[in-house]
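These notes concern the structure reproduced below.
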Amino acid sequence: MDEELDSRKVNNSFLRDHNYATEADIISTVEFNSTGELLATGDKGGRVVVFQREQESKNQPHRRGEYNVYSTFQSHEPEFDYLKSLEIEEKINKIRWLPQQNAAYFLLSTNDKTVKLWKISERDKRPEGYNLKDEDGRVRDPSTITALRVPVLRPMDLMVEATPRRVFSNAHTYHINSISVNSDYETYMSTDDLRINLWNLEITNRSFNIVDIKPANMEELTEVITAAEFHPNHCNTFVYSSSKGSLRLCDMRAAALCDNHSKFFEEPEDPNNRSFFSEIISSISDVKFSHSGRYLMTRDYLTVKVWDLNMESKPLETYQVHDYLRSKMCSLYENDCIFDKFECVWNGTDSVLMTGSYNNFFRMFDRNTKRDVTLEASRENSKPRAILKPRKVCMGGKRRKDEISVDSLDFSKKILHTAWHPSENIIAVAATNNLYIFQDKVN
Amino acid sequence: MFSKGTKRKFSDDGGEMSDESLGGANVSSSYNLQRQSLLDMSLIKLQLCHMLVEPNLCRSVLIANTVRQIQEEMTHDGSWQAVTEAFCNGSQSPSERLVATEVLCRSREQDAEPKLFSVISYEGCREEEVVADETLCSVSVSDAASNVCLSESVGHCWETGELRVVESDEETSEGSRLGPGDDDDDDEDDEDEDEVDEEEESSREDSKSMGQVFGTFEIKNGSSGPDSALEELFSDVDASYYDLDTMLTGIQSAPKMGPYDLLDSLAPSHGPPSLGSPSNCRSDLNELDHIMEIIVGS
């Protein structure tokens, strides 16, 4: 893999120098659009940065489709809920692109409470020659208007505009953790800790609650929803994951309220690995349908699992992400790392899985060859267009050259969010405030 | 792995009990120790969660489940009973104690009444600092507040606790007496002092430390109704967690506090305010031990 660019250094207003990174610069979500031409990132400061892939040029073959900043905008602002007396963070929890239907691009972005539909469009012409106002927009003195003009469109420098088209608010009491656009392209769902709501993309004042696991008495609460996603082809099917490590597949045709699942995926607990942390580490942090719709991938604290939709009893495949942490559970609980929410992604052909780890490491698993690799996304260890070297973590005393001891891992450098181009081997990896884009080696 | 059934009564039932030892402990006592420290850690984490208006629900639920699991296991092998009996003459059934954890895992809900206290009590001071102090104090002092958890309406105990402790903080800083359980304190405190007078051990400094003795004394007498599970749970909390958790929750301004500093901040609970200077308290601790010997031992 080749490092393409160390991003976010292009645009002045979004200059993210390594040394001046603040909390607000931490990237909180990464998402390619359906063609892979655009890549959106959201951060803790409520900003969305959209990157566009450059056209390939024959004279510079090594610059194969680099991504450059296309548009930046403030999606969410910090708010204060006066009724409940609480602050609502501006942090972007998720971004989902809508399939492109015209020249403009649309995306959904969400913070803890509010989902917004943004339109990103280009403008390279502007109207000139209005009768009642001058070129600066000021109203002209009627006495000076002596002739009637026909306004005309004149070319201008390309401008990319982001405009909020819909704001879907006041439907979530708890924190939104997922949004997912349906394959009917008309509806989407938003999921918080206890409920899932279904929206029409055109209607902001009404949503339908399709899952509600809130107990009448909150003291009896022992399980929360951690993620949810629509099936890629069947618009009536969706899946949601829970903090107890289970998956529920629901069919919206069965009932308006999908409290009763149609399928329940859960792996029986291995008695040999039982500990006080069993439940915490089995909590699912992310769930993704494969592009084909046949499989589900889940990420829990230590593993990635692939489930066949036709087999509920156990996962088809289980991959260890960082099993060397199993002996460190106490301290990971103590420092709260055990609650980190790692995400996971499929490659375009559903043959490779990718997910993050600590120390700026991320992992890839080839489902066919069963080979796996650990790579590192770090500014210090890689230069643009350098080839990434596989990394290895060792346990115990003897450490070989090029290996890193499990005790020297940096748990503050974690890769939670990654994205895979829908058809090519291009990946985006968010490491705190840096976005790395890697692609297959150019021959 | 420890050998099965060595120190525990019901381990053969399987289920809650497993041979899995925590962090590779070999002996059941070290397992118990780790379990206790895990419990302490979890309870502190939970308490920090509850100080937030909107805690991360997933995290809170997972921690609360962990506490429940430990509690069940301890109830099962009798160690929970042992802990509580030592404090409250076994007047409580384990199930009553479980209620206490449910209190802990109660997430602050939006549908509930507005939580005005958080605005009021934090007024005019940096929230982080207050929170840090509050944690420390409510863990060790607010027995009155935590009693409410079991006996009174479940819904409000935390608010009450927090509010009270903040008040007492303020009072402490003004050099006046400690907040919780004022009225009851007076009576019993008088008795205590009489007792001490009889022993001819009374000095001004002694009476000042009575406030600290009282906390233990009250528990022993069981005078305040159903004893607080919370108090017990926090009883041997290692203060080193505080710094850690404070750090982790992003609270940076917390003053470094050891167990003695903790007492320092609570010192001027009885006696003339002028004597309440923190520097006296360390020496008071020795006298405290001595007084305890007299009260308890004789």
Side-chain angles (χ1 to χ4, degrees), chain A residues 23 81-89 112-113 172-175 177 192-194 214 217-227 241-244 269-285 301 326-331 333-341 412, chain B residues 14 16-24 34-35 37-39 41-42 44-45 48 52-70 73 98-99 101-112 114-119 154-155 240-241 244-245 247-250:
Chain A
E23 180 83 3
D81 185 330
Y82 290 94
L83 281 176
K84 295 167 190 162
S85 186
L86 63 92
E87 282 180 70
I88 301 170
E89 271 186 271
D112 285 341
K113 302 282 178 180
H172 284 279
T173 311
Y174 302 93
H175 291 177
N177 53 44
D192 70 25
D193 297 313
L194 298 177
K214 183 177 176 291
N217 181 359
M218 277 293 273
E219 285 154 35
E220 290 157 13
L221 180 68
T222 57
E223 186 173 13
V224 298
I225 304 173
T226 53
S241 61
S242 95
S243 60
K244 283 193 187 291
E269 191 182 41
D270 178 3
N272 296 322
N273 274 335
R274 196 177 145 79
S275 79
F276 286 118
F277 304 111
S278 299
E279 183 182 331
I280 301 179
I281 62 173
S282 68
S283 173
I284 294 176
S285 52
Y301 191 62
R326 203 173 276 280
S327 60
K328 301 233 169 285
M329 282 304 149
C330 262
S331 43
Y333 182 66
E334 197 169 345
N335 65 17
D336 261 7
C337 281
I338 203 169
F339 302 106
D340 285 334
K341 297 196 79 175
S412 66
Chain B
E16 297 308 314
M17 307 302 302
S18 74
D19 287 349
E20 180 65 31
S21 62
L22 197 63
Q34 294 208 16
R35 186 172 63 184
S37 77
L38 184 64
L39 181 64
M41 204 196 303
S42 307
I44 291 167
K45 278 178 189 288
L48 285 167
L52 303 169
V53 181
E54 265 198 323
N56 176 342
L57 195 60
C58 184
R59 179 174 172 272
S60 317
V61 164
L62 288 170
I63 298 172
N65 288 352
T66 308
V67 170
R68 277 205 196 97
Q69 194 190 339
I70 297 172
E73 194 185 293
L98 283 171
V99 177
T101 10
E102 275 164 30
V103 174
L104 290 169
C105 31
R106 186 185 66 83
S107 96
R108 188 158 287 153
E109 225 193 316
Q110 283 70 41
D111 322 327
K115 309 295 188 294
L116 289 172
F117 73 94
S118 61
V119 180
V154 159
S240 62
Y241 292 133
L244 182 76
D245 265 270
M247 204 171 68
L248 292 164
T249 44

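Just so it is clear: chains get the letters A, B, ... in the order the sequence lines come, proteins before strands, and each one is counted from 1.
Contacts of A/Lys341 with chain B are absent, with no heavy-atom separation under 4.5 Å from either backbone or side chain. Contact of A/Ile225 with chain B is not made at all, since no heavy-atom distance falls under 4.5 Å.
Looking only at distances, a side-chain donor or acceptor of B/Lys45 sits under 3.5 Å from a matching main-chain atom of A/Tyr333. With hydrogens and angles ignored, the 3.5 Å screen pairs no side-chain donor or acceptor of A/Asp81 with any backbone N or O of A/Ile88.
Taking chain B as the reference chain and counting heavy-atom pairs below 4.5 Å, the highest number among A/Glu223, A/Arg326, A/Glu279, A/Met329 is found for A/Glu279.
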Hey, mind stepping through A/Ser243 and A/Thr226 against side chain to side chain donor-acceptor pair (under 3.5 Å) and telling me if it holds? CA-CA 6 Å; A/Ser243 60; A/Thr226 53; over 6 Å; no
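In this structure the side chain of A/Tyr301 never reaches within 4.5 angstrom of the side chain of A/Ile280, judged on heavy atoms.
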